[in-house]
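For reference, the structure is listed below as structure tokens.
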Number of protein chains: 2
Amino acid sequence: MSRTPHHPTREQIELPMVLDCLSDPIRLAIVYQLAQQERVSSELRCSDFSALSGKSNLAYHFAKLRDCGLMRTRVAGTNRFMRLRREDLEARFPGLLDVVLSSAAKDADRLPLVSGCELVEVDRK
Amino acid sequence: MSRTPHHPTREQIELPMVLDCLSDPIRLAIVYQLAQQERVSSELRCSDFSALSGKSNLAYHFAKLRDCGLMRTRVAGTNRFMRLRREDLEARFPGLLDVVLSSAAKDADRLPLVSGCELVEVDRK
DNA sequence: CCCTATGTTCAATGTTTATTGAACTATCAA
DNA sequence: TTGATAGTTCAATAAACATTGAACATAGGG
């Protein structure tokens, strides 16, 4: 098992892959949730997304989100901490992430986005 | 054969479907080309995209672009005229189309976008 | 050292996707 | 009516995708 998962460089981030990643409701919800908590803590653990799907299915989606450059995974003990690659995304495709996030927010009732009540739960790493 | 192809209403346009549609390089190129010529004429025929793929494959992609609400097809004789549903897209997801188009423009060298020389060809319907 | 918690990897499954060419439909023009 | 033009529909195919559960790996706590 590779110590640190693979991440593309900023320049390797491709528009079609990013759009394809965001087009899956579960992945969109993951990105949305990461963005939501960004002000609280920029990182979330895999288990914080357990409302969205099972563990192995989430691992699959996390890998896709990493591969397309949308998020970065940091290994810390038995936990993996994920965060959005905001700066890289903004450098490659200015405004894209924010527009997609606000579009998702607008349609929050139609998408399987997790309720904002997660904000109550303080992270205690 | 239905006289007029099916189009979703503005409210039926869904974010994941739109992003998925835009994530395919050929469809992104179609949308890009439609946007490019918008100042010349807001409509293009199927055959104007023949550089991107074969006829039947294009018909498949056109159907997807219609189904997700990105473009509208008008039947006129033996021709079909396509145009972007800019207003509807803007109403549903403000800024999304423009950001995707400018992101595509930034990566024009990496994408199979048709060269701008098509602008020379005046439409003579 | 075991036990548990966290997450990944693998194999299997069924679905959707993109692509091709052939057949088809419809319109226009001679 | 004949022929050409413009595009759709269909069937077949191969690849990619999402989902599941089981097996595995790793780290931390008693």
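Not measured: the values here are computed from a predicted model. Quick note: numbers below take in every heavy atom, side chains included, and nothing from hydrogens, waters or symmetry partners.
If you measure from atom CZ of A/R74 to atom C1' of D/dT26, you get 16 Å, rounded to the nearest angstrom. To the nearest angstrom, C1' of D/dA4 lies 13 Å from CG of B/N79. Straight-line distance from the NZ atom of A/K64 to the P atom of D/dT19: 11 Å, rounded to whole Å. We find that CG of B/L65 is positioned 12 Å from P of D/dT8, with the value rounded to whole Å. Between A/E43 atom CD and C/dG7 atom P there is a gap of 12 Å when expressed in whole angstrom units. With rounding to whole Å, B/L19 atom CG is found 15 Å from C/dT17 atom P. For the pair B/L44 CG and D/dG7 P, the computed distance is 11 Å after rounding to whole Å. With rounding to whole Å, A/D67 atom CG is found 14 Å from D/dC17 atom C1'.
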Just distance, no hydrogens or angles: give the donor-acceptor pairs under 3.5 Å from side chains in residues 19-26 of chain A, sequence neighbours left out.
| residue | atom | partner | partner atom | Å |
| --- | --- | --- | --- | --- |
| A/S23 | OG | A/D20 | O | 2.7 |
| A/D24 | OD1 | A/I26 | N | 2.8 |
| A/D24 | OD1 | A/R27 | N | 3.2 |

Show me the donor-acceptor pairs, under 3.5 Å and distance only, between side chains in residues 52-59 of chain A and residues at least two apart or in other chains.
| residue | atom | partner | partner atom | Å |
| --- | --- | --- | --- | --- |
| A/S53 | OG | A/N57 | OD1 | 2.7 |

What pairs of donor and acceptor atoms, side-chain ones from residues 63-73 of chain A against any protein atom, are under 3.5 angstrom apart with sequence neighbours left out?
| residue | atom | partner | partner atom | Å |
| --- | --- | --- | --- | --- |
| A/R66 | NH1 | A/T73 | OG1 | 3.1 |

Distance-only donor-acceptor hits, side chain of residues 9-16 of chain A, under 3.5 Å, sequence neighbours excluded:
| residue | atom | partner | partner atom | Å |
| --- | --- | --- | --- | --- |
| A/T9 | OG1 | A/Q12 | N | 3.3 |
| A/R10 | NE | A/D88 | OD1 | 2.6 |
| A/R10 | NH2 | A/D88 | OD1 | 3.0 |
| A/E11 | OE1 | B/R110 | NH2 | 3.1 |
| A/Q12 | OE1 | A/T9 | N | 2.9 |
| A/E14 | OE2 | B/R110 | NH1 | 3.4 |

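Checked against C/dG7, C/dT20, C/dT8, the side chain of A/K55 finds its nearest nucleotide in C/dG7. Distances from the side chain of B/C46 to the nucleotides D/dT20, D/dG7, C/dT8 place D/dG7 closest.
Between A/H61 and D/dT19 there is a side-chain polar atom (N or O) within less than 4.0 angstrom of OP1 or OP2. At the phosphate of D/dT9, neither OP1 nor OP2 sits under 4.0 Å from any side-chain N or O atom of B/S56. Contact check, B/S47 against D/dT5: no side-chain N or O comes under 4.0 Å of OP1 or OP2.
B/F49 and B/L101 fall within the same hydrophobic cluster, where Ile, Leu, Val, Met, Phe, Trp and Tyr residues are linked whenever their side-chain heavy atoms come under 4.5 Å apart, directly or through other members.
The salt bridge (charged side-chain N to carboxylate O under 4.0 Å, His left out) search around B/E38 returns B/R86, not counting sequence neighbours. Looking at residues two or more places apart in sequence or on another chain, you find no ring pair (Phe, Tyr, Trp, His ring centres under 6.0 Å) involving B/Y60. Among residues two or more places apart in sequence or in another chain, the ring pair (Phe, Tyr, Trp, His ring centres under 6.0 Å) test is passed with A/Y32 by none.
No engagement by A/G54 is indicated, since no non-hydrogen atom pair under 4.0 Å with the nucleic acid exists.
Axis angle across the helix from C/dC1-D/dG30 to C/dA30-D/dT1, with five pairs used at each end and values rounded to 10°: 10°.
Scanning both residues, B/L96 and A/S103, for their nearest heavy atoms gives CB-OG, 4.4 Å. Scanning all heavy atoms of the two residues, the minimum distance from A/R85 to A/P8 falls at NH1-O, 2.8 Å.
Interface remark: the B/T78 side chain does not form any donor-acceptor pair with the D/dG7 base, using a distance-only criterion of under 3.5 Å.
Proximity of residues 20-30 of chain B to DNA chain C (heavy atom under 4.0 angstrom from any strand atom) is restricted to B/D24, B/I26, B/R27.
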